[in-house]
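What follows is a single structure, written as structure tokens, with notes after it.
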Amino acid sequence: MQTLSDSAVLDLWERGTRLHSLDRGLMVLTAAFPENSGNAPADWSLGRRNSALAEWHSAMFGPTLEAWIACPQCGERLEFQMDVQSLIAREERSADERVEVRGRLFRLPTSRDLACVAAESDSAVAPLRLLESCCLDADGTEHWSEQDLEEVGDRLAGADPLAETRLEFRCPACAAKWNEPLDLVDFLWAEMDAQAKRLLREVHTLASAYGWTEPEILRLSGARRSYYLRMVLE
Ligand SMILES: [Zn+2]
């Protein structure tokens with residue numbers, strides 16, 4: 001894994017603003033884990049993807065994820081914190097892990113599978129499409145019942161526990177309780193967005209004061225840059 005320079009963060013942010021959240025996650029992983037180029041992040045299990053995103057978040061922005069969420073009932077803004085270290089896998093899971101359910105073999109879902117399902121407009125059909133795309137020996141004659149879907153879903157979740165982390169919330173204003181899946185890419189992207197905009201503001205301030213170019217300003221160490229900024233803003 002590698003951390004990125006300020007100028008690489010700006011490049012990535014610029015490319016990512018136009019992308020779907022799934023593609024943003026893959027773009028970040030491709031930049032952060034270049035040694036894995038033989039095995040594209042799109043084909044990693046979702047647990048491996050999330051663990052890698054958490055590891056990179058920790059290296060780039062620190063181990064604490066600070067975020068907020070709006071109460072679905074009254075709109076109250078709930079701030080919360082979590083330690084992303086708890087989302088980093090203790091043991092490497094093999095990408096070709098298989099789960100057998102009712103005589104059929106399934107592989108773990110990947111970002112590529114999610115991307116195929118994301119285009120499915122019927123939310124009731126999406127889980128079925130996901131199951132079909134992960135079934136290794138389907139012959140097109142299967143009829144999957146609700147119960148089959150649930151069983152396959154439970155077994156795949158058990159085989160790849162970091163694929164989905166659900167967060168529990170309780171609103172202090174209206175006492176509503178709910179849970180929802182943690183979307184690490186969204187939180188990571190919020191950090192990237194804040195950092196990119198801070199960098200652009202710094203470049204603007206220093207370029208206006210000294211006439212330096214963007215690459216010259218981004219090449220300064222953080223300590224020097226903040227020292228110059230303080231002198232300009234004093
Ligand atoms: Zn509420």
Side-chain angles (χ1 to χ4, degrees), residues 9 12-13 16-29 45-90 109-111 113-131 146-147 149-201:
V9 166
L12 215 57
W13 169 79
T17 45
R18 293 182 297 272
L19 298 179
H20 182 278
S21 163
L22 262 175
D23 294 319
R24 280 181 184 163
L26 295 175
M27 181 189 72
V28 165
L29 290 175
S45 78
L46 297 176
R48 183 177 175 200
R49 176 197 78 151
N50 290 341
S51 172
L53 287 171
E55 197 183 341
W56 195 70
H57 183 290
S58 195
M60 284 292 291
F61 306 110
T64 308
L65 183 147
E66 289 182 35
W68 66 273
I69 190 167
C71 169
Q73 195 160 293
C74 74
E76 173 84 1
R77 184 181 159 115
L78 273 70
E79 292 185 359
F80 67 94
Q81 281 193 345
M82 71 177 292
D83 181 358
V84 291
Q85 304 275 0
S86 64
L87 302 171
I88 299 175
R90 305 270 173 271
T110 64
S111 301
D113 297 315
L114 283 193
C116 295
V117 171
E120 179 58 63
S121 53
D122 186 340
S123 63
V125 176
L128 185 63
R129 293 278 167 269
L130 189 62
L131 174 151
E146 284 280 318
Q147 209 182 351
L149 277 177
E150 208 169 298
E151 187 175 348
V152 174
D154 286 350
R155 293 286 306 282
L156 290 176
D160 194 19
L162 291 172
E164 183 175 272
T165 299
R166 295 197 82 87
L167 301 178
E168 304 279 339
F169 296 98
R170 186 181 174 282
C171 175
C174 73
K177 281 185 188 171
W178 77 100
N179 68 72
E180 52 185 88
L182 169 71
D183 189 335
L184 259 181
V185 177
D186 277 2
F187 291 117
L188 191 60
W189 195 256
E191 302 263 23
M192 293 271 290
D193 190 56
Q195 175 154 343
K197 287 173 181 163
R198 179 179 57 75
L199 287 169
L200 292 175
R201 273 196 304 276

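Remember, it's 1-based here, ligands and their atoms both numbered in the order they're listed.
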Does A126 have any side-chain contact (heavy atoms from CB on, under 4.5 Å) partners at least two apart in sequence or in another chain, and if so, which? V117, E120

Would a 4.5 Å heavy-atom cut-off, applied to side chains only, mark E180 and F169 as touching? yes

Could you give the distance from OG (S86) to CG (L65), rounded to the nearest 0.5 Å? 9.5 Å

How many protein N, O or S atoms sit closer than 2.8 Å to the Zn ion (ligand 1)? 4

Look at E79 together with R77 and state whether they make a salt bridge at an N to O cut-off of under 4.0 Å. yes

Rounded to the nearest 0.5 Å, what separates atom CD in E191 from atom CG in D186? 12.5 Å

Would you call E164-R166 a salt bridge at under 4.0 Å N-O? yes

